[in-house]
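Predicted model, so just to flag it, every value in this text is computed and none were measured.
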Amino acid sequence: MLPQDIQDSLHQELNLAVHNTHSLTGGCIHQAAQLQTDQGTFFLKWNQLQQAHNLRVEAQGLSLLADTNTFHIPEIILQGESATHCYLLLEFISSAPRAANYWDYFGRTLAELHLHTQSYYGLPYDNYIGALPQVNTPSDHWVSFFRDKRLRPMIKRAKDKSLLPMSVAKAFDELFIKLPELLPSEKPSCLHGDLWGGNIVVNPNGLPTLIDPAVYYGYREIELAFMTLFDRQPSRFYESYQEIYPLHPGWIDRMALYNLYPLLVHLNLFGAGYLNSIQNTLKHYV
């Protein structure tokens with residue numbers, strides 16, 4: 001049920017009247033619904049007012065991605081706050097089957113996104129990956145950013161929750177010594193930051209629309225690795241990507257290393273079921 005104070009706020013801000021709502025999945029944080037209104041159909045996600053910062057930085061991330069003019073990103077209609085809630089009103093994207101050129105388009109367009117670069121790794125503001133804070137303090141060096149702003153905060157969180165045995169924490173310390181020789185570097189790329197299948201909608205044109213970002217500027221291999229954590233992409237996806245922005249030799253061998261970050265995120269969010277994958281990865285590199 002859409003809270004009345006949000007309906008009142010939408011009417012006040014946009015003169016929008018809600019006729020019907022259809023509940024949707026909004027991830028593990030927010031409530032979400034498809035709204036039928038007197039001005040068309042929209043997607044709305046909302047939460048208690050204390051989650052306002054989460055939705056504000058999500059809107060910033062969507063805007064950053066949209067400004068690259070690469071992927072279709074849902075248009076932000078309004079990010080606002082009512083008496084007791086925060087909300088984000090977006091263009092509604094109807095889902096459709098994949099077009100024949102879906103993977104070729106995806107590979108090329110992701111490469112084009114990654115060609116949008118910055119002089120530093122990180123972002124001027126912190127945001128979230130799922131429900132967890134994501135530290136984006138800018139850095140000039142990829143190894144130190146990956147170690148100190150990605151892995152270490154999640155390791156500390158897992159240790160504090162007694163999810164990470166001391167032996168695994170020590171293995172990470174050994175890995176940190178080796179990281180400079182394991183990871184190449186290049187100009188920081190604009191990354192979606194949480195690019196798995198659940199954050200990709202096949203739009204009415206049969207092409208990908210990206211949602212729910214955790215944006216920052218980082219080394220682009222971490223994005224490609226994240227995509228393989230739960231899904232597999234066909235070879236033409238990678239071929240199309242490399243036609244636009246060739247990858248450094250050995251990129252396939254570094255996939256598991258980069259996926260230590262999302263595995264630690266999932267360990268903290270969902271529990272010890274992800275610990276075995278973390279241990280196996282560390283054994284490979286340490």
Side-chain angles (χ1 to χ4, degrees), residues 103 106-107 110-111 113-114 121-122 129-130 132 134-135 139 141-159 163-186 188-189 191-200 214 216-242 245-286:
W103 288 112
F106 204 151
L110 186 61
L113 173 65
H114 291 167
Y121 298 98
I129 183 159
L132 300 181
Q134 180 170 261
V135 179
S139 172
H141 304 286
W142 172 240
V143 169
S144 59
F145 182 86
F146 181 60
R147 180 191 64 213
D148 298 336
K149 305 303 188 297
R150 289 295 172 263
L151 298 182
R152 277 185 169 151
M154 292 298 162
I155 290 168
K156 182 182 185 304
R157 182 178 290 269
K159 287 169 66 177
L163 290 169
L164 199 73
M166 186 60 66
S167 60
V168 180
K170 288 181 178 178
F172 270 109
D173 290 336
E174 294 177 40
L175 175 67
F176 292 159
I177 296 171
K178 294 185 175 183
L179 276 184
E181 64 190 57
L182 292 173
L183 301 183
S185 183
E186 65 182 5
S189 292
L191 307 180
H192 174 279
D194 193 4
L195 196 56
W196 68 288
N199 288 339
I200 304 163
Y216 65 99
Y217 288 90
Y219 190 63
R220 57 199 170 107
E221 287 180 0
I222 196 172
E223 186 114 282
L224 292 166
F226 206 147
M227 291 183 69
T228 69
L229 190 60
F230 303 115
D231 304 291
R232 289 293 179 268
Q233 295 74 42
S235 59
R236 64 183 183 275
F237 165 80
Y238 297 101
E239 291 163 1
S240 298
Y241 182 99
Q242 298 217 69
Y245 197 178
L247 293 158
H248 291 285
W251 63 274
I252 293 176
D253 298 330
R254 291 185 288 271
M255 292 285 216
L257 177 56
Y258 283 126
N259 275 338
L260 283 170
Y261 177 55
L263 285 171
L264 283 165
V265 169
H266 281 74
L267 177 70
N268 280 304
L269 286 174
F270 306 116
Y274 291 90
L275 182 59
N276 189 54
S277 295
I278 293 171
Q279 290 174 308
N280 290 338
T281 300
L282 288 168
K283 288 175 184 176
H284 180 73
Y285 290 101
V286 175

Hey, is the main chain of [Y] close enough, under 3.5 Å, to the side chain of [X] for a donor-acceptor pair?
X: Arg152; Y: Phe146; value: no
X: Glu221; Y: Tyr258; value: no
X: Gln242; Y: Leu247; value: yes
X: Ser189; Y: Leu191; value: no
X: Gln233; Y: Tyr238; value: no
X: Asn268; Y: Leu264; value: yes

State the [atom1]-[atom2] distance between [X] and [Y], to the nearest 0.5 angstrom.
X: Arg147; Y: Phe172; atom1: CZ; atom2: CZ; result: 13.5 Å
X: Asp194; Y: Glu223; atom1: CG; atom2: CD; result: 9.0 Å
X: His266; Y: Leu132; atom1: NE2; atom2: CG; result: 10.0 Å
X: Leu263; Y: Ile278; atom1: CG; atom2: CD1; result: 5.5 Å
X: Lys159; Y: Met166; atom1: NZ; atom2: CE; result: 5.5 Å
X: Leu229; Y: Met227; atom1: CG; atom2: CE; result: 12.0 Å

Please examine the side chains of [Y] and [X], heavy atoms only from C-beta on, and report whether any two atoms are closer than 4.5 Å.
X: Ile129; Y: Pro262; value: no
X: Trp142; Y: Ile222; value: yes
X: Lys178; Y: Tyr285; value: no
X: Leu282; Y: Leu260; value: yes
X: Leu179; Y: Leu175; value: yes
X: Leu275; Y: Leu163; value: no
X: Lys149; Y: Gln134; value: no

What are the two closest non-hydrogen atoms of [X] and [Y], and how far apart are they?
X: Ala171; Y: Val286; result: O-CG2, 3.5 Å
X: Ala256; Y: Thr281; result: O-CG2, 3.4 Å
X: Ile177; Y: Pro180; result: O-CD, 3.5 Å
X: Leu164; Y: Val168; result: CD1-CG1, 3.6 Å

Open item on the list: Please determine whether ring-ring contact (aromatic ring centres under 6.0 Å, His included) holds for the pair Tyr245 and His114, giving the CA-CA distance in whole Å, both sets of side-chain angles, and the decisive distance to 0.1 Å.
Closed with: CA-CA 8 Å; Tyr245 197 178; His114 291 167; 7.4 Å; no
TODO: Given ring-ring contact (aromatic ring centres under 6.0 Å, His included), test Trp251 with Tyr241 step by step and report yes or no.
DONE: CA-CA 13 Å; Trp251 63 274; Tyr241 182 99; 8.2 Å; no
- [ ] Report, as yes or no, whether the 6.0 Å neighbourhood of atom NE2 on His141 holds more than 12 heavy atoms from other residues, nucleotides or ligands.
- [x] no
Open item on the list: Please verify the inter-ring angle class for Phe237 with Trp103; under 30° counts as parallel, over 60° as perpendicular, anything in between as tilted.
Closed with: perpendicular
- [ ] Please work out whether the ring planes of Tyr274 and Phe270 are parallel, tilted or perpendicular, with thresholds of 30° and 60°.
- [x] tilted
Open item on the list: Can you confirm if the NZ or CZ of Arg254 lies within 45° of the ring axis of Tyr219 and under 6.0 Å from the centre of its six-membered ring?
Closed with: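 Here Arg254 fails the 6.0 Å and 45° test against Tyr219.
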